Amino acid sequence: MSILLGCIADDFTGATDLANNLVRNGMRVTQTIGIPQHGLNADLDAVVVALKSRNLEPEDAVAQSLAALEYLLSQGAQQIFFKYCSTFDSTPKGNIGPVTEALMAALGTDFTIATPAFPDNARSVFKGYLFVGDQLLSESGMRDHPLTPMTDANLVRVMQAQCTLQVGLIEYQDILAGADAISSRIARLKSSNTQIAIVDAVTNDDLYRIAPALKDLPLITGGSGIAIGLAANFGLQAHPDSSKLPAANGYQAIISGSCSQATNLQVEHFKSLGGAAYAVNPLDLNQKSTEQLLQEILTWVQPRLLLGSVLIYSSATPERVKEVQSQLGVQAAGSAIENLLGMVAQGLLGFGVGQLLLAGGETSGACVKALGIDQMQIGQQIDPGVPWCYAVAQNKPLHLALKSGNFGTPDFFTHAFSKLRKI
Ligand code: ADP
């Protein structure tokens, strides 16, 4: 078996977001958690290797990305896609620039593009400036991001600061003029020794117009938006079979460790419909062992699974979170809760849960790790950026969805399961 497109994503829920866009446009996709130790378990058009390299030292991010590249080439990948965040999360040290240049060198290519444009999520690039909704990146909440504060919206400048190669721009008038104009612009940029080009794009139509001009590039870099046009370059069209997963079975459960606004609303909505919900109080960890708390949760959950979907959540308001953090410490609280919720996930599978929603990027990572999952087949979209996935965990079939904190409509915890029934 040989794949068409090999993808390297710099974080976990971003990988799922990319995989979702590829599936929706006709590719059969598996997401792997790091480089998989076992063979791939389905006929595939694309593989997305999920790394956690966004905030590593650049040398480590490069080393991991090159290892992923080697793996994807060994699977027959004809083109490589490096996926990063649609808000271009990075610092002057990297890691978008260094990883891009390392992949270019390894592939022996002298040109690639970079565009985080993702109109479905209101990320657009115009004259090289990145907008988040109606705001410049540098005026959006990303300005205050704790790890990768983005204080300059001009992506040519931002990328150039991270690169040794020359960075240029493919402007919107070329995008409007179509693939031939974009290809000519690429040729002109190459002849003036520009090797990386930021690409303007405001609408999905723009992204579909750009894609044919990328057909022969060994490497494409960007957010998940630009991926929507790539399946057609391989002669594939949107098709319901590409998102087909095995039939779902087993009890339904939700684990939520996200404290984002959207998740808090989803928890409230689920409870307002009378859903069975267990609130984990992290401060109990001051008096009880993790094992004790786990037993209490599982004892409460088991009989309720027979009656319908069950929610276990530590999600809380910002005030409650601050209180917990001041008593337990920010990092310590985060990892203690993630550890507990990972063990809850293991317990749930032991009870016969076969359909599991996970809310929160870090929380999803912790649960998927605790379940020993190293690959997931990507299925139908629930809400933008969140598809149903299928994995084998503890030797049993499991349907799961990993929801990044701020994704999903308020009724996500109920309507996700009703979508699965239709598969
Ligand atoms: P999101 O995608 O919304 O950012 P994450 O799961 O990535 O969600 O991050 C939430 C973090 O907050 C996790 O480390 C989690 O363990 C931690 N956490 C969850 N509930 C609480 C709480 N009640 N108090 C403090 N921290 C919490």
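Order of listing sets the numbers, starting from 1, for every ligand and every atom in it. Predicted model only: the values in this text are computed from it and were never measured. No hydrogens, no waters, no symmetry mates; every other heavy atom, side chains included, goes into these values.
Between Ile8 and Leu103, some side-chain heavy-atom pair lies under the 4.5 Å cut-off. Within the 4.5 Å cutoff, no side-chain heavy atoms of Val310 are placed close to those of Tyr278. For the pair Asp374/Pro36, a side-chain contact is recorded, criterion being any heavy-atom separation below 4.5 Å from C-beta on.
Scanning the protein for heavy atoms near atom 11 (C) of ligand 1, the closest one is Gly257 O, 4.0 Å. Looking only at heavy atoms of the protein, atom 20 (N) of ligand 1 is closest to Ser314 OG, 2.8 Å. At the shortest separation from atom 16 (O) of ligand 1 among protein heavy atoms lies Gly334 O, 3.0 Å. In terms of protein heavy-atom proximity, atom 27 (C) of ligand 1 is nearest to Ile337 CD1, 3.3 Å. Atom 14 (O) of ligand 1 has Glu338 OE2, 2.5 Å as its closest protein atom, hydrogens excluded (heavy atom only). Atom 8 (O) of ligand 1 has its closest protein heavy atom at Gly360 CA, 3.3 Å.
Residues Gln292 and Glu296 have side chains that never bring a donor and an acceptor to within less than 3.5 angstrom of each other. Looking only at atom types and distance, the side chain of Gln195 has no donor-acceptor partner in the side chain of Thr112 under 3.5 Å away. For the 3.5 Å distance criterion, the side chains of Ser90 and Tyr84 fail to qualify, holding no donor opposite an acceptor. Side-chain atoms of Thr263 and Lys403 include a donor-acceptor pair closer than 3.5 Å. Between Asp383 and His415, the side chains place a donor N or O and an acceptor N or O closer than 3.5 Å (distance only, hydrogens not considered). Using modelled atom types, one finds no donor on one side chain facing an acceptor on the other under 3.5 Å when comparing Thr414 with Asp411.
Using a 4.0 Å heavy-atom cutoff, Arg320 is absent from the residues neighbouring ligand 1. The closest approach between any non-hydrogen atom of Val321 and ligand 1 is below 4.0 Å.
The option from Lys403, Glu362, Gln331 that lies nearest to atom 7 (O) of ligand 1, judged by heavy atoms, is Glu362.
Here is the list of ligand 1 atoms found below 4.0 Å of a heavy atom in Ser260: 1 (P), 3 (O). Close approach to Ala316 involves these atoms of ligand 1, each under 4.0 Å from a residue heavy atom: 23 (N).
For ligand 1, the polar-atom distance check finds no N/O of Gln325 at less than 3.5 Å from any of the ligand's N/O atoms. Distances between N or O atoms of Ser404 and those of ligand 1 include no value under 3.5 Å.
When non-hydrogen atoms are compared, ligand 1 lies under 4.0 Å from the side chain of Pro282 (C-beta onward) but not from its backbone. Heavy atoms of Thr363 found under 4.0 angstrom from ligand 1 belong to the backbone as well as the side chain.
Atom CD of Glu70 has 12 or fewer neighbouring heavy atoms from other residues, nucleotides or ligands inside a 6.0 Å radius.
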